[in-house]
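Just the heavy atoms: all of them, side chains too, but no hydrogens, waters or symmetry mates, feed the values below.
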Amino acid sequence: LVRVNATLGFGRSHIAPLMSAFCTKHPQVDIQLQLSVNPPPSTEDAYDVCFRFGSPPDSRSIARFIAPNRRVLVASPKYLKKFGRPKSPEELRHHNCIGIRQGDEAYGLWRFTPSKGKTKGLVGRTLGVKVRGNLTTNDGGVAVAWALDGHGILLRAEWDVRKYIKAKRLIEVLPNYASPDADIYAIYAERHRTSLRVKALVDFVAAAFKKEGD
C-alpha cells in the first residue's frame, strides 16, 4: 500500500492518471489517493507521499523536486478583444480577474517581478496588485473553464493552461512580468527514504513530468 495525497485540481488532472498508469505497471501495489483543498501538515502520518506546490517549511521531511511550475497570466482572445490587453500589472485593477481561494495565500493579491531587460528600472522589484472580479472558486479547473469562456484574466500554473495557450484558446498576458513560481515537489517522511514502493512511485511521477515537459 502507498498512501498518496495531492491537491484537488492538480491531483485530479495530473496525479490520478499517473496513479492509474503506475498500477498498470505494478499491479502488486495498492494506491490510496486522497485529494484535499490544502496540503496536509508535513508532520501528519496519514500519507506516505504528498505531491504539492512548493517545498515544505518542515526540514524533517524530504522534499524531492519533481518539475518546475511557472505561473502565468492568461485570458481568452474574446476577453482581450472586448476589454483590451493590460500593459502593466497596475492595469489589472481595471480588469475582471478570476479569483481562486486556495491554501494560505493572500486572496486577491497577485505579485509580480519584472523580467530582466524587459522593464527598465523595475528589475528585481516585487509589485503587489490587489485584483477583483465577479467570479471566484476554490477549484482551478473551474477557473480555467471560466477563463476559456471569456470571463476574465486568470493567474494559473502553466501546467494547467499550456495546452490552451498552444491551441490559442488562451493568450498569455504580461509575459515580461514573472509571478512567484510554485514548483512541484514530492514530500515524504525521512523513514520512507529507503522504501522501495515510495521510491518507485516518486521516480515514476518524476519521469512522467520530465517527459511531458520535454
Side-chain angles (χ1 to χ4, degrees), residues 6-17 35 37-38 52-54 67-184 209 212-214:
T7 53
L8 279 174
F10 176 71
R12 186 184 305 115
S13 60
H14 295 287
I15 299 300
L35 303 182
V37 175
N38 299 318
R52 59 173 286 169
F53 300 110
N69 185 39
R70 189 170 71 100
R71 293 200 293 180
V72 295
L73 280 172
V74 293
S76 70
K78 174 183 173 183
Y79 177 87
L80 295 177
K81 183 178 180 180
K82 185 174 182 180
F83 297 101
R85 186 189 297 246
K87 296 180 175 59
S88 70
E90 289 83 358
E91 291 187 18
L92 290 170
R93 295 189 179 97
H94 308 298
H95 281 266
N96 203 49
C97 296
I98 298 170
I100 302 179
R101 292 180 181 268
Q102 285 181 336
D104 299 323
E105 189 172 327
Y107 168 70
L109 182 63
W110 291 356
R111 299 184 184 278
F112 303 94
T113 304
S115 301
K116 186 176 181 181
K118 301 288 186 179
T119 46
K120 281 188 176 180
L122 295 175
V123 174
R125 175 185 162 200
T126 300
L127 309 171
V129 181
K130 187 70 175 176
V131 299
R132 66 165 304 279
N134 64 341
L135 286 173
T136 305
T137 179
N138 70 337
D139 188 291
V142 169
V144 171
W146 286 343
L148 289 167
D149 287 341
H151 287 293
I153 296 175
L154 174 66
L155 178 63
R156 195 65 187 152
E158 189 178 20
W159 284 99
D160 289 332
V161 295
R162 177 186 292 164
K163 63 182 179 182
Y164 300 117
I165 294 174
K166 189 174 181 180
K168 295 184 169 34
R169 295 183 64 193
L170 291 175
I171 308 297
E172 190 171 348
V173 177
L174 297 176
N176 294 340
Y177 290 84
S179 183
D181 293 337
D183 295 339
I184 303 166
F209 272 96
E212 188 175 340
D214 289 342

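- With sequence neighbours left out, the side chain to side chain donor-acceptor pair (under 3.5 Å) criterion links Asp160 to His14, Arg156.
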| field | side chain to side chain contact (heavy atoms under 4.5 Å, CB included) between Thr7 and Arg52, intermediate numbers included | value | CA-CA 7 Å; Thr7 53; Arg52 59 173 286 169; 5.5 Å; no
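- To the nearest 0.5 Å, atoms CD (Glu91) and NE2 (His94) are separated by 7.0 Å.
- Atom CH2 of Trp146 and atom NE2 of His151 lie 8.5 Å apart (nearest 0.5 Å).
- When the side chain to side chain contact (heavy atoms under 4.5 Å, CB included) test is applied to Ala147, the partners found at least two apart in sequence or on another chain are Ile98, Leu154, Leu170.
- Using bins of under 30°, 30° to 60° and over 60° for the plane-to-plane angle, the ring pair Tyr79/His95 lands in the tilted bin.
- In terms of the side chain to side chain contact (heavy atoms under 4.5 Å, CB included) criterion, residue partners of Pro180 (sequence neighbours excluded) are, by chain and number, Arg71, Arg111.
- A heavy-atom distance below 4.5 Å is found between the side chains of Ile165 and Val74.
- In this structure, Val161 and Val72 have side chains that are in contact, with non-hydrogen atoms separated by less than 4.5 Å.
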With a cut-off of 3.5 Å and sequence neighbours excluded, list every side-chain donor-acceptor pair involving residues 81-89.
from  : atom 1 : to     : atom 2 : distance (Å)
Arg85 : NH1    : Glu172 : O      : 3.3
Ser88 : OG     : Glu90  : OE1    : 3.3

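- Inter-residue side-chain proximity for Thr113 and Leu127 is flagged as unmet; no heavy-atom pair is nearer than 4.5 Å.
- Listed here is the closest heavy atom pair of Ile153 and Trp110: O-CH2, 3.7 Å.
- Proximity of Phe112 to Leu73: side-chain heavy atoms (C-beta onward) are separated by under 4.5 Å at one or more points.
- With sequence neighbours excluded, the residues forming a side chain to side chain contact (heavy atoms under 4.5 Å, CB included) with Asn69 are Phe53, Ala157, Trp159, Ala182, Asp183, Ile184, listed by chain and number.
- When all heavy atoms of Gly150 and Ser76 are compared, the pair lying nearest together is CA-OG, 3.2 Å.
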| Between Leu174 and Leu92, does a side chain to side chain contact (heavy atoms under 4.5 Å, CB included) hold up when you go through it step by step? | CA-CA 10 Å; Leu174 297 176; Leu92 290 170; 4.2 Å; yes
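- Taking 4.5 Å as the limit, some side-chain heavy atom of Leu155 sits within range of a side-chain heavy atom of Ser179.
- The two residues Pro17 and Gly11 come nearest to each other via the heavy atoms CD-O, 4.4 Å.
- Here the CG atom belonging to Leu135 is positioned 6.5 Å from the CG atom belonging to Asn96, to the nearest 0.5 angstrom.
- Side-chain contact between Val131 and Arg93: absent, with no pair of heavy atoms (C-beta onward) separated by less than 4.5 Å.
- Between Arg101 and Thr136 the shortest side-chain heavy-atom distance falls below 4.5 Å.
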